[in-house]
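Everything numeric in this text was worked out from a predicted model, so none of it was measured.
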Amino acid sequence: GATGATGSVPVEALSAYSIPTQTVTDNAAVIFDRTAAQQGTAITHADNSADITIGEEGTYFVSFNGTAAPQNAASLPETNLVQFTLNGTAQNGASTQHIFTTADETSAQSASLVFNVTSVPATLQVVSSGGSFLYSGLGLLGSGMSATPAYQGISGFPAKTDDGAFVDYRFLGKGELLGVPMPIVI
C-alpha cells in the first residue's frame, strides 16, 4: 500500500482528577481540583473547576470514575444519579445510578460517552442528582477523536448529514462477539 504522510500527529487529550473528598449538592457538578495532563487546545480544564471546555467542533470521548457515599444525615434509601451534561443538557446513554440503603455504604461509579460538538465553545460537566453525596477518588479522561488518524481512516467518520450536522452513530456492518450476532457501530 501507499505510504502515509509523515510529521506529527495532533493529539487532543485531557486527564483531570480530584484529591479531597467533596460534598456535591443535588443537581450540582463535581469539581476536578487538578489537571494531570492536557495536550492540545480542543479539550481543556482549569484546576478547581467543574467545567471541561471544548474549543473545537468534532467528536469526543470522555470517561468518568469515582466513589460516592451518602452524607451522615441522609434519609435512606437515597438514589444517586451521575450523568454527563453538555451545555447544561443531559447526555443520553451516559449515566450511572446507585440506590444507597445504609449509611456506611459506598459505590464505585463510572460512565463514558462519545459525543459531537457542533458549536463552540461548549461546556461538559459531570452532574450529581438525587440528594447531597460525598465523592472521592474522582477521575476524568477526555480525548478528541476527529483529529485522530485512527478514526480518520474509517470512511465517513465522523459522519455528517448533507447540511454538515454530525450524525450520532454510524452503522458499519454486522459481526459476532463470542458467537453472538451484533451490529458494529461507531
Can you tell me how far OG1 of T89 sits from CD of Q125, rounded to the nearest 0.5 angstrom?
11.0 Å
What I'd like to find out is whether the side chain of I19 reaches to under 4.5 Å of the side chain of D33, using heavy atoms alone.
yes
Heavy-atom side-chain contact between I52 and I43 under 4.5 Å:
yes
Short side-chain donor-acceptor distance under 3.5 Å, T102 and D104:
yes
Measuring from S18:OG to L140:CG, what's the distance to the nearest 0.5 Å?
11.5 Å
Kindly determine whether Y135 and S128 satisfy side chain to side chain donor-acceptor pair (under 3.5 Å), including the steps that lead there.
CA-CA 10 Å; Y135 284 90; S128 173; 2.7 Å; yes
Does the side-chain contact (heavy atoms from CB on, under 4.5 Å) test come out yes or no for T79 and F100, once each step is laid out?
CA-CA 6 Å; T79 301; F100 291 99; over 6 Å; no
Step by step, work out the side chain to side chain donor-acceptor pair (under 3.5 Å) result for Q83 and N92.
CA-CA 9 Å; Q83 61 189 350; N92 293 328; over 6 Å; no
Check the surroundings of atom CG in N72: do more than 12 heavy atoms from other residues, nucleotides or ligands lie under 6.0 Å from it?
no
Test your reading of the model: is there a side-chain donor-acceptor pair from S49 to the backbone of D51, 3.5 Å cut-off?
yes
Applying side chain to side chain donor-acceptor pair (under 3.5 Å), run through N65 and Y17 and close with a yes or a no.
CA-CA 9 Å; N65 64 283; Y17 62 97; over 6 Å; no
Least distance between heavy atoms, P77 atom then T101 atom
CB-CG2, 4.3 Å
Please report the C-alpha distance between M145 and V114 in whole Å, then the side-chain angles of each, then the deciding distance to 0.1 Å, and finally whether the side-chain contact (heavy atoms from CB on, under 4.5 Å) criterion is met.
CA-CA 9 Å; M145 298 171 68; V114 174; 4.1 Å; yes
Please find the pair of heavy atoms, one from N80 and one from Q109, that lie closest to each other, and give the distance.
OD1-NE2, 2.8 Å
Are the side chains of Q22 and I31 in contact, using a 4.5 Å heavy-atom criterion?
yes
Does a side chain donor of either D26 or S129 reach within less than 3.5 Å of an acceptor in the other side chain?
no
Just by distance, do the side chain of H45 and the backbone of F32 share a donor-acceptor pair under 3.5 Å?
yes
Minimum side-chain heavy-atom gap T41-E56 below 4.5 Å
yes
Output the distance between atom CD1 (I54) and atom CD (E12), rounded to the nearest 0.5 Å.
9.5 Å
Mind listing the closest non-hydrogen atom pair of A42 and Y60 along with its distance?
CB-OH, 3.4 Å
Is the shortest side-chain heavy-atom distance between V62 and L124 below 4.5 Å?
yes
Ring-ring centroid check F61 F115, cutoff 6.0 Å
no
In the single-linkage hydrophobic clustering (I, L, V, M, F, W, Y; side-chain heavy atoms under 4.5 Å), do V120 and F84 co-cluster?
yes
Transitively linked via ILVMFWY side-chain contacts under 4.5 Å: V24 with L76?
yes
Could you check whether any side-chain heavy atom of T44 comes within less than 4.5 Å of a side-chain heavy atom of Q38, counting everything from C-beta outward?
yes
E78 vs Q71, side-chain contact (heavy atoms from CB on, under 4.5 Å): CA-CA, chis, key distance, verdict:
CA-CA 10 Å; E78 191 170 43; Q71 294 217 49; over 6 Å; no
Nearest non-hydrogen partners of Q91 and L86, listed with the distance
NE2-CB, 3.5 Å
Do the side chains of V117 and V127 join up, straight or via other hydrophobic residues, at under 4.5 Å, putting them in one cluster?
no
Closest contact, heavy atoms only, P70 versus F133:
CA-CD2, 4.0 Å
State, to 0.1 Å, how close A46 and T35 come at their nearest heavy-atom pair, and which atoms those are.
C-OG1, 4.3 Å
If we only count heavy atoms from C-beta on, is the L14 to L141 side-chain gap below 4.5 Å?
no
Measure the shortest side-chain to side-chain distance between L81 and S95 over non-hydrogen atoms and say whether it is less than 4.5 angstrom.
yes
